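These figures come from a predicted structure and were not determined experimentally. By convention in this document, chain letters (A, B, ...) are assigned in the order of the sequence lines, proteins followed by strands, and residues within each chain are numbered from 1. Below, each value reflects all heavy atoms present in this structure, side chains not excepted, and no hydrogens, waters or symmetry copies.
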Protein chains: 2
Amino acid sequence: MDTAAQPETAPAENLSAKVYADLKMKLIVGQLRPAETLSIRTLAEEYGVSAMPVREALRQLASEDALIGAAKKAYRVPDLNSSEAANLFFIRAILEGAAAEIAAENVRAKDIKFLEKLVQDMDTAWQNQDAVQFLLVNFKFHSRIYSLTGNSALQSMIESLYARTGPWLAHGITELVTIDSWMGDHPAIIGALRNRDAALARKLVEEDARWGVDLYRARS
Amino acid sequence: MDTAAQPETAPAENLSAKVYADLKMKLIVGQLRPAETLSIRTLAEEYGVSAMPVREALRQLASEDALIGAAKKAYRVPDLNSSEAANLFFIRAILEGAAAEIAAENVRAKDIKFLEKLVQDMDTAWQNQDAVQFLLVNFKFHSRIYSLTGNSALQSMIESLYARTGPWLAHGITELVTIDSWMGDHPAIIGALRNRDAALARKLVEEDARWGVDLYRARS
DNA sequence: TGGGTTAAACTGTGATCACAGAATCATGTA
DNA sequence: TACATGATTCTGTGATCACAGTTTAACCCA
């Protein structure tokens with residue numbers, strides 16, 4: 001069961017929720033590769049549960065298009081084309097931009113401190129070539145920001161977008177991204193939040209999401 | 001099975017998807033009231049299927065917070081408070097505003113014609129005091145607009161928001177909304193689209209969503 | 001009659017089985 | 001050797017059962 005880190009929002013009331021949270025986190029951090037196939041029975045054995053919780057978790061992920069599920073065919077991780085990826089990063093830019101705007105008004109000193117630590121963690125993860133840890137910390141960074149909006153609906157929607165873009169990001173990130181091409185943005189975002197500059201925070205976060213699109217274009 | 005209108009996006013490959021689509025549409029058009037309780041076995045009998053497809057549909061709706069599902073307790077339709085409703089309409093304004101902006105660039109003559117017909121349908125539905133039909137046509141109106149973006153992810157997210165706000169809208173709409181207080185907006189939206197005025201289309205659609213928040217404040 | 005307690009009915013949850021379609025692999029033929 | 005065809009394995013899907021909490025209702029006692 002504890003094969004992946006649990007997300008902060010894990011309610012874990014029942015087995016289905018646990019499996020769902022675990023698989024979703026694996027998607028976010030890139031522990032599942034594009035076009036990879038997922039079988040209910042195989043996963044059930046891995047998790048040590050029956051097929052029932054797994055099938056509900058897979059169906060749930062498929063319902064938010066984090067997985068692809070066709071009738072009588074194995075579930076599989078989506079392999080995004082450039083158009084689909086652009087659409088997702090476009091929505092991320094919209095939602096996270098709006099979230100950052102609100103977050104800039106609610107941010108506290110402890111939030112700044114936490115974000116600064118995450119920037120360091122992301123740096124070390126990169127130096128260790130640990131793509132999973134890198135994406136996990138990146139997710140935590142953004143997650144902390146839009147949790148400051150107090151809008152849980154907004155939060156779950158953005159989370160879903162990370163689950164959908166995670167597999168592709170993990171697949172492409174080690175190939176051609178240099179540490180300079182992105183790392184400069186996160187400290188700038190922290191600075192905008194500290195200064196309560198909502199407009200700048202929005203702009204920077206939107207650019208950070210746009211970076212995902214650019215990364216995709218560079219690959220294809 | 002055919003107890004509610006099927007949404008345009010209904011794939012309906014399996015029973016779970018059919019039940020899910022049907023229940024979601026009932027939420028959107030207000031055929032399920034806030035705090036109403038839903039039982040797996042009861043619904044299974046109504047739909048003439050086993051409990052299995054129903055439980056998956058209910059879990060799926062609960063996963064997007066269109067229903068509330070606690071452990072070992074009956075599923076129920078959320079009864080939003082003012083803060084929750086405001087959060088949802090806020091997201092709707094963001095997403096639909098961005099969608100309208102893109103739609104204004106892609107709109108065709110046949111789309112305009114279709115939207116104009118829907119305005120008429122909505123008018124007659126109001127005169128007939130048919131709240132269900134009214135909300136259905138309203139949904140179709142907005143749905144058509146953001147389908148023009150070609151961004152299916154955006155589409156499903158907005159749909160989910162309609163499912164979450166539908167029950168409350170249906171409950172409050174017959175109480176205090178006069179036909180003048182909103183109807184003026186839809187023809188204006190059509191005009192903005194026809195003129196390919198993206199900025200105006202965005203502004204009007206955002207205001208249309210904001211109307212939901214105002215309606216809520218008037219109630220509480 | 002009122003209140004508390006118990007029993008019955010109802011709830012979602014997990015597990016297991018049967019089934020039909022999809023995919024894969026082996027086998028036999030040209 | 002190449003290819004078609006067969007069987008076997010694997011896939012999700014639907015149904016049914018047992019179980020443990022939750023809720024509701026009835027009932028009995030004061």
Side-chain angles (χ1 to χ4, degrees), chain A residues 1-3 6 9-24 26-27 32-79 167, chain B residues 1-3 6 10-24 26-27 32-79:
Chain A
M1 180 59 54
D2 46 2
T3 46
Q6 295 287 330
T9 65
E13 301 170 337
N14 47 32
L15 290 181
S16 301
K18 287 183 185 173
V19 175
Y20 169 81
D22 188 78
L23 287 175
K24 186 174 185 178
K26 280 186 175 172
L27 286 169
L32 298 177
R33 279 166 302 175
E36 180 172 349
T37 191
L38 297 176
S39 153
I40 292 180
R41 289 171 176 84
T42 304
L43 287 174
E45 199 171 3
E46 288 182 13
Y47 284 113
V49 298
S50 82
M52 185 62 60
V54 176
R55 66 188 279 187
E56 289 190 333
L58 291 180
R59 164 171 293 276
Q60 193 165 321
L61 287 167
S63 79
E64 39 185 306
D65 292 317
L67 291 178
I68 298 176
K72 312 259 182 183
K73 283 198 285 188
Y75 286 91
R76 67 180 198 277
V77 180
D79 195 357
Chain B
M1 181 57 54
D2 46 3
T3 46
Q6 295 286 330
E13 300 170 337
N14 47 31
L15 289 182
S16 301
K18 287 183 186 174
V19 175
Y20 170 81
D22 188 79
L23 287 174
K24 186 174 184 177
K26 281 186 175 173
L27 285 169
L32 297 176
R33 280 166 300 177
E36 181 173 347
T37 191
L38 296 177
S39 156
I40 292 180
R41 290 172 177 83
T42 304
L43 286 175
E45 199 172 3
E46 288 181 12
Y47 284 113
V49 298
S50 83
M52 185 62 60
V54 175
R55 66 188 279 187
E56 290 189 333
L58 291 179
R59 165 172 291 275
Q60 194 166 322
L61 287 168
S63 79
E64 40 185 307
D65 293 316
L67 290 179
I68 298 176
K72 313 260 184 182
K73 284 197 284 187
Y75 286 91
R76 65 181 199 278
V77 179
D79 194 357

Derivation and outcome, side chain to side chain contact (heavy atoms under 4.5 Å, CB included), residues B:Leu58 and B:Leu23: CA-CA 8 Å; B:Leu58 291 179; B:Leu23 287 174; 3.8 Å; yes
Spacing between A:Gln60 atom CD and C:dT13 atom P, to the nearest angstrom: 11 Å
Write down the distance between CE (A:Met52) and P (D:dT16), rounded to a whole number of angstrom. 13 Å
How many angstroms lie between atom CG of A:Leu43 and atom CG of A:Asp22, to the nearest 0.5 angstrom? 9.5 Å
Nearest-Å distance, OH (A:Tyr20) to P (C:dT13)? 15 Å
Report the distance from atom CD of B:Glu45 to atom P of D:dA15, rounded to the nearest whole Å. 13 Å
How long is the line joining CG of A:Asn14 and P of D:dT22, in whole Å? 14 Å
Please name the pair of heavy atoms, one in B:Ser16 and one in B:Pro53, separated by the smallest distance, quoted to 0.1 Å. OG-CA, 3.4 Å
Quick one, which residues of residues 33-43 of chain A touch DNA chain D with a heavy atom under 4.0 Å? A:Leu38, A:Ser39, A:Ile40, A:Arg41
Go through the steps for A:Leu61 and A:Lys24 under the test side chain to side chain contact (heavy atoms under 4.5 Å, CB included), then give the verdict. CA-CA 8 Å; A:Leu61 287 167; A:Lys24 186 174 185 178; 4.2 Å; yes
Set of salt bridge (Lys or Arg N to Asp or Glu O under 4.0 Å) partners for B:Arg55, sequence neighbours left out: A:Glu56
What is the distance from CD of A:Glu56 to P of C:dA15, rounded to the nearest Å? 11 Å
Short side-chain to backbone donor-acceptor contact, B:Thr37 and B:Tyr75, under 3.5 Å: yes
Got a sec? Which of residues 61-77 of chain A come in under 4.0 Å of DNA chain D, heavy atoms? A:Lys72, A:Lys73, A:Ala74, A:Tyr75
At what distance, to the nearest 0.5 angstrom, does CD of A:Gln60 lie from CG of A:Leu67? 11.0 Å
Presence of A:Ser50 side-chain N/O under 4.0 Å of C:dA15 phosphate oxygens OP1/OP2: yes
Suppose we call a contact any N or O donor and acceptor under 3.5 Å apart; does that hold for the side chain of B:Arg55 and the base of D:dG14? no
Looking at A:Ser50 and A:Ala44, what are the two nearest heavy atoms and their distance? O-CB, 3.5 Å
Tightest non-hydrogen contact, residues B:Ala62 and B:Gly69, listed as CB-N, 4.3 Å
